[in-house]
Amino acid sequence: KRFVAPEGLGKSPACLAYTQFLLATAALEEYPVMVAALLPCFWIYREVGLHIHARAASPNPYQDWIDIYAGEAFSNSVDRAIAMTDEAAKSAGEPLRQRITEAFVLSSRLEWMFWDSAYRMESWPPEHAHRGNRIA
């Protein structure tokens, strides 16, 4: 089942920052750094799905979502993503390993910000909010 956001919803500031980081990393970095940056999205979604699955009341309007991210098929894809990242990092020298680690840590932090922003229902300030606050 496909989940579609309502039209005109747009990305929250945290979601935009996260997706732009992932796109920039994919475009500008080496493969091992890119897969390390993508890994937290897979891994954390699985952990969130499992956490919610263990605690969700039934019936639940998000049951399809919960079932996907707590399911065996998705868990297997996460295990494959972890293995791919480990394999890509295996032969990396120390400077590349440092970039791999930094990408994974930053992506994990951005993933947390993404979930936190959804919990807080983060949105952009109204367009008129910045008027009158000119930088001299």
Side-chain angles (χ1 to χ4, degrees):
K1 187 171 186 176
R2 187 164 184 252
F3 301 96
V4 179
E7 275 191 47
L9 186 60
K11 293 179 181 177
S12 69
C15 182
L16 181 65
Y18 188 22
T19 56
Q20 292 302 304
F21 166 74
L22 292 175
L23 288 169
T25 302
L28 302 172
E29 279 287 0
E30 296 178 54
Y31 174 78
V33 179
M34 179 195 69
V35 294
L38 289 171
L39 182 56
C41 184
F42 283 88
W43 204 340
I44 292 170
Y45 258 74
R46 174 174 68 183
E47 297 309 311
V48 169
L50 291 170
H51 178 83
I52 292 171
H53 185 265
R55 292 159 181 79
S58 191
N60 192 304
Y62 303 103
Q63 194 63 53
D64 288 342
W65 186 97
I66 295 166
D67 290 344
I68 288 170
Y69 291 107
E72 184 178 347
F74 186 73
S75 186
N76 290 339
S77 71
V78 174
D79 291 340
R80 284 193 305 276
I82 292 169
M84 289 170 59
T85 305
D86 287 345
E87 184 64 31
K90 193 182 292 184
S91 62
E94 189 52 40
L96 181 55
R97 278 185 184 264
Q98 183 64 34
R99 292 197 340 262
I100 291 167
T101 300
E102 288 170 1
F104 179 82
V105 169
L106 179 55
S107 190
S108 297
R109 294 176 80 188
L110 288 165
E111 181 75 23
W112 179 87
M113 289 174 65
F114 167 78
W115 283 99
D116 182 63
S117 73
Y119 178 77
R120 293 182 295 104
M121 298 185 71
E122 176 188 59
S123 63
W124 292 93
E127 289 187 29
H128 66 279
H130 68 278
R131 293 187 185 133
N133 296 327
R134 298 182 189 261
I135 299 174

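Both backbone and side-chain heavy atoms feed into the values below; hydrogens, waters and symmetry mates do not. Fair warning: this is a prediction, and the values are worked out from it, not measured in the lab. For reference, positions follow the sequence shown, starting with 1.
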Legend entry - Flag, side chain of Glu111 to backbone of Ile44, donor-acceptor distance under 3.5 Å: no
Inset, instruction - Would you confirm whether Trp124, through its side chain, and Lys11, through its main-chain N or O, come within 3.5 Å as a donor-acceptor pair? - result: yes
Kindly give the heavy-atom pair with the smallest separation between [X] and [Y], and that separation in Å.
X      : Y      : result
Pro13  : Glu122 : CD-OE1, 3.4 Å
Ala88  : Val35  : CB-CG2, 4.0 Å
Ser107 : Leu22  : OG-CD2, 3.9 Å
Pro40  : Ser108 : CG-OG, 3.4 Å

Legend entry - Gap separating the CZ atom of Arg109 from the CG atom of Asp116, nearest 0.5 angstrom: 12.5 Å
Legend entry - Distance (rounded to the nearest 0.5 Å) between Ser117 OG and Trp112 CH2: 9.5 Å
Inset, instruction - Kindly determine whether Phe42 and Arg46 satisfy side-chain contact (heavy atoms from CB on, under 4.5 Å), including the steps that lead there. - result: CA-CA 6 Å; Phe42 283 88; Arg46 174 174 68 183; over 6 Å; no
Suppose we screen for side chain to side chain contact (heavy atoms under 4.5 Å, CB included). Which residues come up paired with [X], at least two apart in sequence or across chains?
X      : answer
Leu110 : Ala17, Tyr18, Phe21, Leu106, Met113
Glu29  : Thr25, Val33, Arg99
Ala92  : Leu96, Arg97, Ile100

Inset, instruction - Give the other cluster members for Leu23, using side-chain heavy-atom distances under 4.5 Å between Ile, Leu, Val, Met, Phe, Trp and Tyr residues; answer none if it is isolated. - result: none
I'd like to know if [Y] and [X] are part of one continuous hydrophobic network [Ile/Leu/Val/Met/Phe/Trp/Tyr, side-chain heavy atoms within less than 4.5 Å].
X      : Y      : value
Phe104 : Trp115 : yes
Phe114 : Tyr119 : no
Leu50  : Val78  : no
Leu38  : Ile68  : yes
Leu16  : Met121 : no

Legend entry - Residue pairs fulfilling side-chain hydrogen bond (donor to acceptor under 3.5 Å, both in side chains) with at least one residue in residues 48-59, sequence neighbours excluded: His51-Arg55
Inset, instruction - With sequence neighbours excluded, tell me which residues meet ring-ring contact (aromatic ring centres under 6.0 Å, His included) with Phe74. - result: Tyr69
